[in-house]
Amino acid sequence: MKVLAIDTSNFTLGIALVDGSQVIGEYTTNLKKNHSVRVMPAIETLLKDCDTAPKDLTKIVVAMGPGSYTGVRIGVTIAKTLAWTLQIPLSGVSSLEVLAANGRYFNGLISPLFDARRGQVYTGLYDMENNLLKTVIEDCNILSSEWAKRLKDLNRPILFVGQDTDIHREAIEEALGDLAVFAPIQSFNSRPSELAFLGLDKTEEDIHQFVPNYIRMAEAEAKWLEQQGK
């Protein structure tokens, strides 16, 4: 089974191609550049370098959010288009779950996070058991200070991973003290190959009904609904 994984949910652009239990190719950049003009060339280059034609693909896996609203939309739209055109299955994986996989060797719980501005984070809590990533607390949008206080009650070491951890480090350390562990910079970026493997066993989505998981509405949409009295 040749699986193409696509992650444009944040600054990191990740494309991977896996075949069974083997990573054939992987492409990752962490640049503040427009994903919309870079994703398809990246996919084309990776497939060409791996001697793989689009017709050889058997599944598409995409990071479905949360993250950058625009970035998530780009990835999901391209994934849906490819899956529909090639008539192959499509699965979505939480962008936070993909990042949490970077902590697979940590002896404790894993809290991946993306900055959501105004002291807030997109985060969740995961545990790696027998090399399988399990959700302990569902992905959410919450103040980092409140999140840290909630985790303190678990009284277990927590690994915080992601490029935005430094933004919220002070609030986290204040609440958790030595229970807070921060991943090294080598683990800050999601791995598209992890996305591919996580998506292998995910439920196949209805391509037409599949939508990103933003967790919260965009500010413009929330204001519009407020103006409409909804």
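Values in this document were obtained by computation on a predicted structure and should not be read as measured data.
Applying the side chain to side chain donor-acceptor pair (under 3.5 Å) test to pairs two or more places apart or on separate chains, those with a residue in residues 128-140 are Ser94-Asp139, Arg104-Asn131, Tyr126-Asp139, Glu129-Lys134. For residues 166-179, every residue pair satisfying the side chain to side chain donor-acceptor pair (under 3.5 Å) rule, not counting sequence neighbours, is listed here: Asp115-His168, Ser144-His168, Arg169-Glu173.
Not counting sequence neighbours, the partners of Ser95 by the side-chain hydrogen bond (donor to acceptor under 3.5 Å, both in side chains) test are Ser9. Listed by chain and residue number, Arg191, Ser193 satisfy the side-chain hydrogen bond (donor to acceptor under 3.5 Å, both in side chains) test with Glu26 (two or more places apart in sequence, or in another chain). Scored by the ring-ring contact (aromatic ring centres under 6.0 Å, His included) test, Phe114 finds no partners at all (sequence neighbours excluded). Not a single salt bridge (charged side-chain N to carboxylate O under 4.0 Å, His left out) links Asp49 to another residue, sequence neighbours left out.
A distance-only check finds no donor-acceptor pair linking the side chain of Lys59 to the backbone of Leu90 [under 3.5 Å]. No donor-acceptor pair closer than 3.5 Å links the side chain of Lys152 to the backbone N or O of Leu179. Checking side-chain atoms of Ser187 against main-chain N and O of Ala183 turns up no donor-acceptor pair under 3.5 Å. Side-chain atoms of Asn10 do not come within 3.5 Å of backbone N or O of Thr12 as any donor-acceptor pair. A side-chain donor-acceptor contact under 3.5 Å links Thr58 to the backbone of Lys2.
The CD1 atom of Ile6 sits 9.0 Å away from atom CG of Leu195, with the distance rounded to the nearest 0.5 Å. Rounded to the nearest 0.5 angstrom, Asp56 CG and Leu4 CG are separated by 12.0 Å. Taken to the nearest 0.5 Å, the CG atom of Leu133 stands 8.0 Å off from the CG atom of Asp127. Annotation: the span from Ile15 atom CD1 to Leu46 atom CG amounts to 7.5 Å, rounded to 0.5 Å.
Atom CZ of Phe11 has 12 or fewer neighbouring heavy atoms from other residues, nucleotides or ligands inside a 6.0 Å radius. For Asp206, the CG atom is densely surrounded, since the number of other residues' heavy atoms within 6.0 Å is greater than 12. More than 12 heavy atoms of other residues, nucleotides or ligands shown are found within 6.0 angstrom of CG on Leu31.
Hydrophobic clustering places Leu154 together with Leu113 (ILVMFWY residues linked when any side-chain heavy atoms are closer than 4.5 Å, directly or through intermediates). Follow the hydrophobic side-chain contacts under 4.5 Å out from Tyr27 and you reach Leu82 in the same cluster.
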